[in-house]
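Presented below is the structure to which this report refers.
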Protein chains: 2
Amino acid sequence: MGFGADDISQTKKMNYSRTPLQAQDHVLAERKRRERLTQYFVTLSTLIPNLKKLDKASILGDAITYIKQLEEQVKRLDEEANKEPVVAVKRSRLLSNYDNSSTCNENSNKSVVPDIEVRASDGNVLIRVSCKKQEGIIKEIFSQVEMFHLTITSSSVIPFGYDTTHITIVAQMDHQLNMTTDNVANKIRLSIMKVINSHE
Amino acid sequence: MGFGADDISQTKKMNYSRTPLQAQDHVLAERKRRERLTQYFVTLSTLIPNLKKLDKASILGDAITYIKQLEEQVKRLDEEANKEPVVAVKRSRLLSNYDNSSTCNENSNKSVVPDIEVRASDGNVLIRVSCKKQEGIIKEIFSQVEMFHLTITSSSVIPFGYDTTHITIVAQMDHQLNMTTDNVANKIRLSIMKVINSHE
DNA sequence: TCCGACACGTGAGAC
DNA sequence: TGTCTCACGTGTCGG
C-alpha cells in the first residue's frame with residue numbers, strides 16, 4: 001500500500017516532477033480507475049435490498065451484513081435439506097453416487113434407491129423392502145426370512161412404476177429363540193441388504 | 001454527490017480559502033472517513049471465499065458475484081426444500097418418543113407410531129400407511145385416495161402385532177390432471193394424515 | 001453556519 | 001522499465 005504525504009510538514013517540493021509530457025496520462029488513468037470503482041459501487045448497491053442511503057460506507061456495511069445474512073440462510077437451508085427423515089427408517093444407500101448436494105437435479109435414480117425397513121413388536125416382525133425388479137430376488141428375500149425360523153403370516157408383493165417392487169412381509173417369531181425382537185430385526189435387515197447388494 | 005474540480009482547465013485559485021484555524025479539522029475528518037472505508041474493505045474481503053487479489057476493485061467485483069451466487073443458491077435451496085423429495089418420506093410423527101437407536105428396548109409404542117409414506121414415480125403413486133387398528137379408518141383412507149382421481153392398481157392391508165395395520169396402495173395418476181407427481185403425493189400425504197389425526 | 005460525503009489531482013510504493 | 005493501486009490533501013457541494 002502506497003503512502004502519500006503522510007505528515008503535515010509540508011515538503012511540497014519533491015525532487016522529481018513527473019515527465020510533464022504524460023503526467024496527464026496519470027490523471028487520466030486515475031480518473032478511469034475511480035470511474036470503475038464508482039461503477040462497482042452502484043452495481044453493488046442494486047443487489048442489496050432495503051438500502052436507504054447510498055453512501056459508500058452504507059453500501060459496504062450493508063453489503064457485509066447482507067452477505068452474512070445470506071450465508072447464514074444458506075447454511076440453515078442446507079442442513080435442513082440434508083437432515084434425516086423424521087422417523088428415521090434405517091435405510092441402506094446402495095448407490096454410492098447418490099447425490100445429496102444441493103445442486104442435484106431430479107435424478108431418476110432417486111426413486112429406485114433400494115431401502116429396507118424392519119420393525120418388531122410383540123413377537124411379530126414387519127419387513128418392508130423396496131427395490132428394483134430383479135430375477136429371483138424375491139425368492140432370495142423370502143429364503144433369507146425363513147432362515148430366521150420365522151412363520152410368515154401374510155405378505156404382499158406389489159409392482160410400483162416401471163422397475164420397482166414393493167414387498168411387505170409380516171411374520172411371527174419362534175418363541176424358542178431367545179433373541180430380542182430388535183436383535184432379530186437388525187439381523188434380518190443386514191441379511192436382506194446383503195442379498196440386494198449382491199444383485200447390484 | 002459533490003463534484004470537485006471537474007475539468008482540466010485550471011481554475012486553481014478558488015474564491016474561498018478555508019478558515020485556516022480548523023482547515024486541519026477537515027483533513028482529519030477526511031482521514032477518519034477514509035479509515036472507515038478501508039476497514040469496511042478489509043471486513044468485506046474476509047467474507048469472500050477464494051479471493052486472490054486484495055484490490056478494491058477485485059473486492060467489490062468478487063463481492064458482487066458472490067452475492068449473486070449466494071442469492072441463486074438460496075433460491076435453489078428454498079424451492080427445493082418446499083417441494084416434496086422424490087424418495088421422500090416426509091413422515092408425520094405423532095409420538096415424539098419414538099426411539100430409533102439400535103439399542104432401544106422393546107417398546108410397544110414403536111409398532112403403533114402412525115406414519116405415512118407417499119412416493120411418486122412415472123405417474124404412479126405408492127402410499128404406505130402404518131397406523132392403529134381403528135373402526136372405519138381403512139375405508140376413510142381409501143376414500144381419501146379416490147378423491148384424487150387415482151386408479152388403484154393394487155393394494156394390501158396387513159395386520160401387524162396386536163393393534164397395528166399396515167396398508168400399501170399403488171395407484172395410477174389420471175393424466176388429465178396436470179399436477180406434478182410430487183404435488184399429488186404431498187396432497188395425499190396431508191389428506192391421510194388429517195384422517196388419522198382425527199381418529200387419535 | 002458547519003459537518004459529512006464526494007471527486008479530483010498527485011506523489012509514492014509494488015510488481 | 002512502465003503500469004497499477006493506493007492514501008493523501010483539497011475544493012466543493014448538500015442538508
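This one's a predicted model, so the numbers in the text were calculated from it and none came from an experiment. For the numbers below, each heavy atom of this structure counts, side chains included, while hydrogens, waters and symmetry mates do not. Here is the naming used below: chain letters follow the sequence lines, and residue numbers restart at 1 for every chain.
- Comparing C/dC3, C/dA7, D/dA7 against the side chain of B/Asp25 picks out C/dC3 as the nearest.
- Distance CD (B/Glu35) to C1' (D/dC6): 15 Å, rounded to an integer number of Å.
- Side-chain atoms of A/His26 stay outside donor-acceptor range of the base of C/dG9, with no qualifying N/O pair under 3.5 Å.
- Contact annotation: A/Arg33 reaches the phosphate of D/dC6 (side-chain N/O to OP1 or OP2, under 4.0 Å).
- The partner of D/dT3, taking Watson-Crick or G-U wobble pairs whose two distances both stay under 3.5 Å, is C/dA14.
- Using a 4.0 Å cut-off between charged nitrogen and carboxylate oxygen, B/Glu72 and B/Lys75 do not count as a salt-bridge pair.
- When each of B/Ile127, B/Val170, B/Val145, B/Val125 is paired with B/Ile152, the side chain to side chain contact (heavy atoms under 4.5 Å, CB included) condition holds for B/Val145 and for no other.
- Between A/Phe41 atom CZ and C/dA5 atom P the separation is 13 Å, expressed in whole Å.
- Both B/Asp55 and B/Val27 lie close to DNA chain D; mapped to their nearest nucleotides by heavy-atom distance, the more 5′-ward contact belongs to B/Asp55.
- Residue A/Arg31 has a polar side-chain atom (N or O) positioned under 4.0 Å from OP1 or OP2 of C/dG9.
- Spacing between atom CD1 of B/Ile59 and atom P of D/dT5 amounts to 12 Å, rounded to whole angstrom units.
- Counting only distance, with no hydrogens or angles, the side chain of B/Thr43 and the backbone of B/Gln39 share a donor-acceptor pair below 3.5 Å.
- Between the CZ atom of A/Arg36 and the C1' atom of C/dA7 there is a distance of 16 Å, rounded to whole Å.
- For the pair A/Thr38 (side chain) and A/Arg34 (backbone), a donor-acceptor distance under 3.5 Å is present.
- When each of B/Arg34 and A/Ala29 is assigned the nucleotide of DNA chain D bearing its nearest heavy atom, the one mapping closer to the 5' terminus is A/Ala29.
- Per the geometry, NZ belonging to B/Lys32 stands 16 Å off P belonging to C/dC3, to the nearest Å.
- What separates CG of B/Leu37 from P of C/dC6 is a distance of 7 Å, to the nearest Å.
- For B/Glu30 against C/dC3, no side-chain N or O and base N or O form a donor-acceptor pair under 3.5 Å.
- Using a 4.0 Å cut-off between a side-chain N of Lys or Arg and a carboxylate O of Asp or Glu, A/Glu30 and A/Arg33 qualify as a salt bridge.
- B/Gln24 has its CD atom 8 Å from the P atom of D/dG9, to the nearest Å.
- OP1 or OP2 of D/dA7 sits under 4.0 Å from a side-chain N or O of B/Lys56.
- If you measure from atom NZ of A/Lys53 to atom P of D/dG14, you get 16 Å, rounded to the nearest angstrom.
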